[in-house]
Amino acid sequence: MSVIHTPKKPDLDLRMMAFPGVMFAAMVVLFMRLWYFQVVKAQDLVEKADASRSIQVTQPAPRGLIYDRNGVLLAGVKPEFVITAMPSVLKKHPEVVPEVAQILKVDEKKLNVKLNEAKSRPDMYSPIFVGAAMKAGIQIAETRDDLPGIGVQLLPMRYYPDSTSFTHVLGYVWVPREEDVKRIEKLGKKPADYVGRAGIERAFETDLMGVPGTEEREIDAKRRSVRSMGGNAANPGNQLILTLDSKLQKMATKFMADHHYVGGVVALDPKTGEVLCLVSSPTFDQNLFIGGISENDWNTINGNENKPMQDRAITSSYAPGSTFKIVTSIAAYQHGTFDPDRQYFCEGGVKIGTHFFKCLGYHRSLGFYDAMAKSCNSYFYQLGRSVGRDALMKACDDVGLGKQQGIEIGIEGKGTVPTDRVVKRARRSEQWYAGDTLEFSIGQGFIAATPLQLADLAALVANNGTNYKPHLLREIRSADGKGPTTKIAPEVLHHVQASNEFWSELQKALIGVVDHGTAAGAKIPGVIWAGKTGSAEHGDKTGRTHALFVGYAPADDPKIAICIVIESTGHGGDFAAPPAKEIVEAYLAEGKSKGLPNSAASASAAAPLTKSPTER
C-alpha cells in the first residue's frame, strides 16, 4: 500500500524576516555615506587630493660673495651634490650606509663620523657628504626608495679659491650648532642650513645669508617628483668688499710659511684704519672644514705644537720690546720732560742696587735721535725713570694698549699693562720696584701688546697723534650690484694731544732708525720711511728673542702702517725689518702701477662686482 506524502511548508522565523530589513538599512547607510562624501565633502576631498600630489620645497639661498679691495674673489659659491641622512631612520636600516659609501667610493667610517655628529637632530636630514660626483649623486637620487633615510640635493655651497692665505680672516661655513641658532635668532633671523662659524663668515652672517626661496613640486603616488609647479626664487646674500689687499696677504702668508715662521703680520691704511693685510702663521686649509672636518684632520691641526688655529695677529700678546720706546717718548712729552737735545750717558747699562740692567752696546753720551736709531736701552731706562710708572701707564692708555681695538672678527686680545692687579697676580704682591720701571720703559716686564695694537701705534705716529678703528669691511653691495651700497666710514679710535713739533721730532727719530739705525735692512730705494725694531725677551730656553718691527711709509704722506712679529728668531732688525720692506715696497709699487698717486691708490674703489652667485 502506497503512502502519499504532502510537502511541508517551511516555518518562517524572526531571523529570516529581519534579514531583508537589516540589508535594506545597511544599503541606506551606505548610500547616505556615499552621498555625504560625494556631495557634502566633495570640495574638501578634492583639495586634499590636490595637496597630497604636491609638496613645497625650500630652496636655500646662495651665500653672498666676498671680494678684496681690488675685486679679487675671496669666497665664492658653486653647485655641489650634498648627500644627507636622517639618523633616526638609518638606525633602523644599518645596511644603508655601507651601500652609500660604496656608491660614493669613500670609507664608510667617514660617513659614520658625520652621522654621529648629526645625532643631535635625529629626525632631520643633515649633510654627511659634500661634493659627490655627478654620477654618484644621480645614482643615489634614482635609488632613494632603496636607501631609506638618505637624501641628495644639489646646493650652492661655499668655496675658497685660496684656502690658506685668508683662513683666520674669512673663517668657514657649516651646519649651525645650537649656539649658532640662538645667536642668529637674537638678530631676528632664521638660521640657514649652513651658517658662518668663524671670521668674516660669522661676523656678517645676516648680510651673507640671503633669503631662501620656495618651489612647489608635483609628486606621484610614491612621492617622487614629477614636475615643478613654480614658486619664489631664492635671493642670494649681499656682496662684501673687504679692505684687504689679496696680493699683500698672499705675499706675507707665503713669506712666513716659506721660512717656517710663527707670528703675525698686520698692515693698515693709517688714514682710514682699513686693514690691508692680516696674517697669522702658521695657517691651515680652511677647505678642510667644508663638509665638516674629519677627526684625523682635526687632530692634526689641534695637535700641532705651533697652534695654527690661534690668530696671532689679533689675539696673541707679545712683549713689544724696543718698539715700546715710542710710547716712552710720548710719556716723556706728556710729563713735560721730553727734550731731544738732552744727553744721557750709556756705559753698557744702568745699575740699580745690585742689579745691572744691560744695554746691547756702549753708546757713551747720546741724545734722542741717536738713542732711537741705535735703540739704546740705557737712554730709555733713564728717560723712563724720569717720568715714572704712572706717566708710562697714562701713555699706554692714550695710545690704546691694554684695550681691544674693535676689529670685527675673532676674540680680540687686549694685551697687558702693569696695573696693580696684573702685578699682584704675577708675584702675589702689588709691590712695584724701581727696576720694574726700567723694564717697562723698554717694553719688557709686565707689558704686552698684540700685533694689531702695535700697527695702530705706528699709524698713530704717522697721523700726528690720531689713529682710526681698524676694520676689514669696506663696502656692502646687493647681490646683483645694482642696489644701494653701504660704505664704511673711518672712525677715530685714539687721539693723543701733543704739539706738531713733538710729532716732528719723534717722526724724525724713527726715520733715522730705517735710514742708518737698527732697521737699515728695511731701506727702500727712493722711499723715505719710518720704523722701529724690537727684540723681546720671553723666557725662551735658547735665548732667542721675538723679532718685531713697526713702521709707516712714506714718511711725508703715509699710505701704509705695518707691524711684524716673528717668534723666537732673534733681533728685529735681522728678521722682522726685511719682510716689512718687501711688503711695503710691493704695496707702494702697486699704487703706482695703477697710475694713481699713492694717496689715491688706497682709496680707489673696487670694480663693479656682478658675478654669478652660483729689540732692543
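For clarity, every value in this text was computed on a predicted model and none was experimentally measured. These values consider heavy atoms only, across backbone and side chains, with no hydrogens, waters or symmetry-generated copies.
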Polar side-chain atom of N306 near backbone of P308 as donor-acceptor pair, under 3.5 Å: no
Contact summary for A61 and P212, nearest pair of heavy atoms: CB-N, 3.9 Å
Pair S316-Q310, side chain to side chain donor-acceptor pair (under 3.5 Å): steps then yes or no: CA-CA 8 Å; S316 296; Q310 182 174 332; 2.5 Å; yes
Intermediate values then yes/no, side chain to side chain contact (heavy atoms under 4.5 Å, CB included), V399 and N467: CA-CA 9 Å; V399 302; N467 63 13; over 6 Å; no
Enumerate donor-acceptor pairs with a distance under 3.5 Å from any side-chain N or O in residues 135-142 to protein atoms, sequence neighbours excluded.
none

C563 side chain reached by V265 side chain, heavy atoms, under 4.5 Å: no
Salt-bridge contact K559-D269 (side-chain N to carboxylate O under 4.0 Å): no
Atom CD of Q102: over 12 foreign heavy atoms under 6.0 Å: no
Centroid-centroid distance, Y468 to H495, less than 6.0 Å: no
Under 3.5 Å donor-acceptor, R197 side chain and V175 backbone: yes
Heavy-atom side-chain proximity of P470 to L452 below 4.5 angstrom: yes
Sub-4.5 Å side-chain heavy-atom contact between V584 and I562: yes
Ion pair check, E178 and K182, cut-off under 4.0 Å: yes
K307, NZ atom: more than 12 neighbouring heavy atoms under 6.0 Å: no
Under 3.5 Å donor-acceptor, K403 side chain and D397 backbone: yes
SB check D68 K247 (cutoff 4.0 Å): no
Smallest separation among heavy atoms of F204 and E408, with atom names: CZ-CG, 3.8 Å
Geometric class of the Y261/H259 ring pair [parallel <30°, tilted 30-60°, perpendicular >60°]: parallel
Inter-residue atom distance M86.CE - L90.CG, 0.5 Å rounding: 9.0 Å
Separation of M251 CE from E582 CD (nearest 0.5 Å): 7.0 Å
Shortest non-hydrogen separation from T206 to K189 and the atoms involved: CG2-CG, 3.7 Å
Donor-acceptor contact below 3.5 Å, side chain N70 vs main chain S246: no
Over 12 foreign heavy atoms within 6.0 Å of CD1, I411: no
Evaluation steps, side chain to side chain contact (heavy atoms under 4.5 Å, CB included), between D207 and L240: CA-CA 8 Å; D207 293 295; L240 299 187; 4.3 Å; yes
L65 backbone acceptor or donor facing Q239 side chain under 3.5 Å: no
Inter- and intrachain pairs under salt bridge (charged side-chain N to carboxylate O under 4.0 Å, His left out), touching residues 148-176, at least two apart: R158-E201
Spatial distance of atom CG (D480) from atom CG (N238) [nearest 0.5 Å]: 9.5 Å
S163/D285 under side chain to side chain donor-acceptor pair (under 3.5 Å): CA gap, chis, key distance, verdict: CA-CA 5 Å; S163 61; D285 187 349; 2.7 Å; yes
Reference residue Q249; test side-chain contact (heavy atoms from CB on, under 4.5 Å); the match among I583, V279, L242: V279
Side-chain donor/acceptor of T167 to backbone N/O of F284, under 3.5 Å: yes
Geometric class of the Y194/W174 ring pair [parallel <30°, tilted 30-60°, perpendicular >60°]: tilted
Close side-chain approach of I314 and I409, heavy atoms under 4.5 Å: yes
Spacing of CD1 belonging to I560 relative to CD belonging to E274, to within rounding of 0.5 Å: 12.5 Å
Exam field: side chain Q404 to backbone K414, donor-acceptor pair closer than 3.5 Å: no
Derivation of the salt bridge (Lys or Arg N to Asp or Glu O under 4.0 Å) call for D456 and K469: CA-CA 8 Å; D456 274 336; K469 182 178 178 180; over 6 Å; no
N/O donor-acceptor pair under 3.5 Å between S165 side chain and K250 backbone: no
Steps toward side chain to side chain contact (heavy atoms under 4.5 Å, CB included) verdict (I407, H471): CA-CA 5 Å; I407 198 167; H471 59 278; 5.9 Å; no
D311 CG to S281 OG distance, which is reported to the nearest 0.5 Å: 11.5 Å
Minimum heavy-atom distance between T450 and G415, given as atom pair plus value: CG2-N, 4.4 Å
Heavy-atom side-chain contact between E185 and P191 under 4.5 Å: yes
Student check: side-chain heavy atoms of N287 and Y160 closer than 4.5 Å: yes
Atom pair CZ/CG of R69 and L244 - distance to nearest 0.5 Å: 8.5 Å
Side chain E412, main chain G406, donor-acceptor under 3.5 Å: yes
pair L115-P87: side-chain heavy atoms closer than 4.5 Å: yes
For L74 against L170, the heavy-atom pair lying closest together: O-CD1, 3.7 Å
Over all atoms of both residues, closest heavy-atom pair of R312 and E567: NE-OE2, 3.0 Å
Pairwise side-chain contact, E475 with K487, heavy-atom cut-off 4.5 Å (strictly under): yes
Polar side-chain atom of E80 near backbone of L155 as donor-acceptor pair, under 3.5 Å: no
